[in-house]
Amino acid sequence: MYNYTEFDDAFLRERVAQFRDQVDRRIDGALTEDEFKPLRLMNGLYLQLHAYMLRVAIPYGSLDAAKMRQLAYIAERWDKGYGHFTTRQNIQYNWPKLKDVPDMLAALADVEMHAIQTSGNTIRNVTSDHFAGAAADEIEDPRPWAELIRQWSTDHPEFQFLPRKFKIAITGAPNDRAVTKAHDIGLRMVRDDAGAPGFEVIVGGGLGRTPMIGKVIREHLPPEDLLPYLESIVSVYNLLGRRDNKYKARIKITVHENGLDTYRDLVEAEFVKRRAAFDGIDQQLFAEINSRFRRPDFIDAPVDAYQAAYDADPVFRSWADTNLSAHAQPGYAIVTVSIKAHGATPGDASAEQMRVLADLAEAFGHDELRISHEQNVVLPHVHKSHLPQVFARLKAAGLGAANVGLVSDIIACPGMDYCALATARSIPIAQQIATRFDELKLEHEIGELKIKISGCINACGHHHVGHIGILGLDRAGVENYQITLGGDGTETAEIGTRTGPGFPADEIVPAIERLVDAYLEHRADAGETFLETYRRLGMAPFKSALYDRVAEQDAA
Amino acid sequence: MSRKFTPKVVTANHLLEGDAVWLTADDQWTPHMHKAELIEDEAHAQLRLLHAEQQPDIVVGAYLADARAGDNGPEPTHFREAFRTRGPSNYAHGKQAEAGNV
Ligand code: SF4
């Protein structure tokens with residue numbers, strides 16, 4: 001876990017004091033809303049449909065028990081006793097009062113957390129692989145690099161007024177669990193022919209109104225060139241990016257309009273200058289950061305207890321089969337705790353659940369936790385002998401759902417239940433789909449299937465990269481849901497394709513059920529996933545499952 | 001002939017609470033839409049909006065929302081505005097939670 005320096009602490013305190021003053025001045029009328037709004041957004045404070053919302057960064061999704069407990073405390077003290085984990089590895093509080101927000105930020109600063117740059121046209125919270133530092137397939141832990149990016153981008157004077165917001169994702173593994181290809185900049189660690197690690201640098205990806213898969217601008221960037229290269233990409237964008245039209249202001253459009261080759265030439269020219277200017281300071285900083293990331297003291301113990309429970313208890317076995325992933329350390333497993341109990345709100349954890357997670361991290365998890373972009377919580381380092389105890393505690397806290405990667409492990413953005421930008425609700429659709437497939441007792445039979453739901457075209461719910469994507473729209477004053485198929489958020493990223501006309505709220509769940517039935521009917525065998533079947537057969541059988549019956553009814 | 005004017009209410013979020021509020025005929029801000037002033041005239045609607053916008057110390061983001069006359073006062077015509085009168089659908093939070101105490 002990374003430990004902050006005194007400098008970081010002083011900086012956070014100062015920012016909180018500044019914001020406290022700004023809130024006071026807003027309340028006593030010295031600041032107008034026009035003056036205040038950019039200031040509150042800089043501190044992660046939004047005004048939503050029913051209340052303010054405070055968005056807190058969890059840098060690269062990493063936290064420890066103390067931080068998690070503080071998040072629980074804040075939820076109880078100033079909110080309604082829960083928090084919502086988002087696809088950007090943030091946590092959102094949905095009900096803060098304006099006057100309390102400075103106190104909330106001060107409480108966050110007590111555990112070295114903040115809400116800085118969770119909004120505005122700046123470089124946002126850098127996201128990462130939620131298995132970082134633990135995954136068996138990892139080349140290097142990406143988090144020291146992510147922390148370097150965080151420090152570099154926080155309050156970077158050149159990049160406080162970019163044409164639009166700017167999102168960076170980084171992974172240290174060739175298997176992409178951080179959706180790097182759908183970010184303004186994606187960094188994926190790969191080895192070159194000589195076996196040296198470096199970053200594949202991907203630029204111009206993004207979802208939203210004009211979804212695009214990022215393009216590789218550098219195939220293998222030596223890690224020590226990371227900051228000057230990133231700075232070159234962002235500075236070219238800062239000058240070239242469009243400021244005349246909000247919808248054309250993201251770097252994906254800049255790259256698209258100018259062409260990747262032109263963009264690359266500009267970046268490489270800039271890079272020569274920036275590289276020289278950096279003068280090794282970034283490497284010094286990196287060495288310092290790196291030394292502050294301590295590897296856990298892994299234990300060496302027999303795993304018989306795990307094997308015995310696995311053989312004896314089918315409930316534990318089912319959970320182990322879906323919620324565990326391979327760890328780099330022998331005897332260890334990565335535990336993904338599903339925050340998707342069937343029928344519950346995806347990504348919402350109660351304060352009590354947060355405390356249980358903190359306790360488990362402390363007792364069995366080397367004091368580490370991660371938040372995944374799929375809105376789950378990860379205990380990255382659990383020795384297998386402890387898994388039966390961990391599972392029992394999770395189950396007792398309502399956190400034992402054995403559904404990671406399955407049809408009910410749905411990403412859903414807050415949608416019109418909270419979000420002021422929404423065109424329709426997302427949460428109830430996710431709740432209904434999960435409940436329905438739980439009734440059918442089919443989800444383990446169906447296997448891997450990622451459903452992702454957004455409540456508007458901004459695509460915070462990543463619907464474009466869902467195997468099944470659902471987009472909620474307002475069609476003539478009625479909620480309507482459009483389906484896309486074949487999206488993929490991994491290293492084989494693809495944007496899903498629209499099936500055709502959307503469905504009203506009361507028809508979307510049956511429509512999803514028909515899609516899944518069609519998959520079960522057409523799959524080559526039980527080992528072929530939904531996405532593979534779709535890739536093999538294309539849209540036709542799914543389209544017919546969605547629309548033929550409706551067409552027949554219309555004709556009748 | 002001019003287009004028929006859809007009746008409006010003036011609505012906003014409360015500065016301190018963040019909660020949805022509506023402007024009443026006697027210049028109060030109410031958390032209950034049915035107590036709002038239903039405005040049937042376009043020019044009057046603009047005046048009332050202006051009035052709301054001059055109270056930045058009380059409300060944020062005032063706008064005119066479509067409404068219709070109901071038995072107990074103005075009612076929303078669009079689902080978004082309907083949600084604003086209730087709160088979210090996944091928990092009994094927001095106005096629907098307080099409804100019992102009115
Ligand atoms: S996708 Fe739209 S509705 Fe959902 S959180 Fe983002 S902006 Fe809000």
Side-chain angles (χ1 to χ4, degrees), chain A residues 23 26-37 40 45-54 79-82 84 94-101 343-346 348 350 412 414-432 472 474 476-479 505, chain B residues 6-23 29-33 49-68 75-101:
Chain A
V23 169
R26 176 68 183 102
I27 290 175
D28 72 20
L31 287 178
T32 65
E33 184 61 19
D34 285 349
E35 288 163 336
F36 180 64
K37 188 175 173 184
R40 70 166 157 79
L45 185 63
Y46 287 71
L47 185 52
Q48 295 285 44
L49 222 45
H50 313 292
Y52 285 98
M53 179 270 281
L54 182 66
D79 208 87
K80 293 195 189 288
Y82 74 100
H84 175 75
N94 286 325
W95 301 95
K97 303 281 187 257
L98 180 58
K99 67 168 179 32
D100 293 335
V101 174
T345 304
D348 278 10
S350 68
M416 208 185 273
D417 286 305
Y418 299 91
C419 179
L421 302 172
T423 43
R425 288 174 297 182
S426 319
I427 293 169
I429 305 301
Q431 292 175 306
Q432 288 161 30
D474 174 350
V478 181
E479 288 170 293
Chain B
T6 309
K8 299 278 188 292
V9 287
V10 176
T11 182
N13 287 79
H14 192 268
L15 170 66
L16 297 178
E17 304 293 315
D19 195 19
V21 287
W22 290 265
L23 185 63
W29 288 98
T30 172
H32 308 291
M33 183 181 180
L49 179 61
L50 214 58
H51 177 72
E53 285 169 349
Q54 283 158 2
Q55 302 176 51
D57 51 334
I58 304 176
V59 295
V60 181
Y63 62 97
L64 293 168
D66 286 353
R68 64 169 164 250
E75 289 175 354
T77 59
H78 189 275
F79 59 90
R80 184 180 195 272
E81 292 304 313
F83 298 156
R84 291 180 75 244
T85 67
R86 290 201 298 266
S89 49
N90 59 334
Y91 303 112
H93 288 161
K95 293 185 192 298
Q96 58 203 342
E98 289 133 35
N101 329 325

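Residue numbers begin at 1 in each chain, while the letters A, B, ... track the order of the sequences. What you see below is based on every heavy atom in this structure, not just the backbone, and it leaves out hydrogens, waters and symmetry mates.
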Asks: Name the region of A:Ala476, side chain, backbone, both or neither, that has any atom closer than 4.5 Å to a heavy atom of chain B.
Replies: neither
Asks: If we define contacts as heavy-atom pairs under 4.5 Å, which of A:Met416, A:Glu33, A:Gln431 has the most with chain B?
Replies: A:Met416
Asks: In the structure I gave you, are the side-chain heavy atoms of B:Tyr91 and A:Lys80 within less than 4.5 Å of one another anywhere?
Replies: no
Asks: Name the region of A:Val478, side chain, backbone, both or neither, that has any atom closer than 4.5 Å to a heavy atom of chain B.
Replies: backbone
Asks: Find the one option among A:Thr423, A:Ile427, A:Leu47 whose heavy-atom pairs under 4.5 Å with chain B are most numerous.
Replies: A:Leu47
Asks: Pick from A:Met53, A:Lys37, A:Gln48, A:Arg26: which one has the most heavy-atom pairs with chain B under 4.5 Å?
Replies: A:Arg26
Asks: Examine whether an atom of A:Phe36 lies under 4.5 Å from a heavy atom of chain B, and if so say whether it belongs to the side chain, the backbone or both; otherwise answer neither.
Replies: neither
Asks: Testing the basics here: between B:Phe79 and A:Ala424, what is the closest heavy-atom pair and its distance to 0.1 Å?
Replies: CE1-CA, 4.3 Å
Asks: Using the ring pair (Phe, Tyr, Trp, His ring centres under 6.0 Å) criterion, which residues pair with A:Tyr46? Sequence neighbours excluded.
Replies: none
Asks: Donor-acceptor pair, distance only, cut-off 3.5 Å: does the side chain of A:Tyr52 make one with the backbone of B:Leu16?
Replies: no
Asks: Which residue pairs satisfy the salt bridge (Lys or Arg N to Asp or Glu O under 4.0 Å) criterion with at least one member in residues 76-90 of chain B, sequence neighbours excluded?
Replies: B:Glu81-B:Arg84
Asks: Between B:His93, B:His14, B:His78, B:Glu17, who has the most heavy-atom pairs with chain A when the cutoff is under 4.5 Å?
Replies: B:His93
Asks: With chain A, which of B:Thr77, B:Leu15, B:Asn13 has the greatest number of heavy-atom pairs at distances under 4.5 Å?
Replies: B:Leu15
Asks: Quick one: pull up CG in B:Asp19 and CG in A:Leu49 and give me the separation to the nearest 0.5 Å.
Replies: 10.5 Å
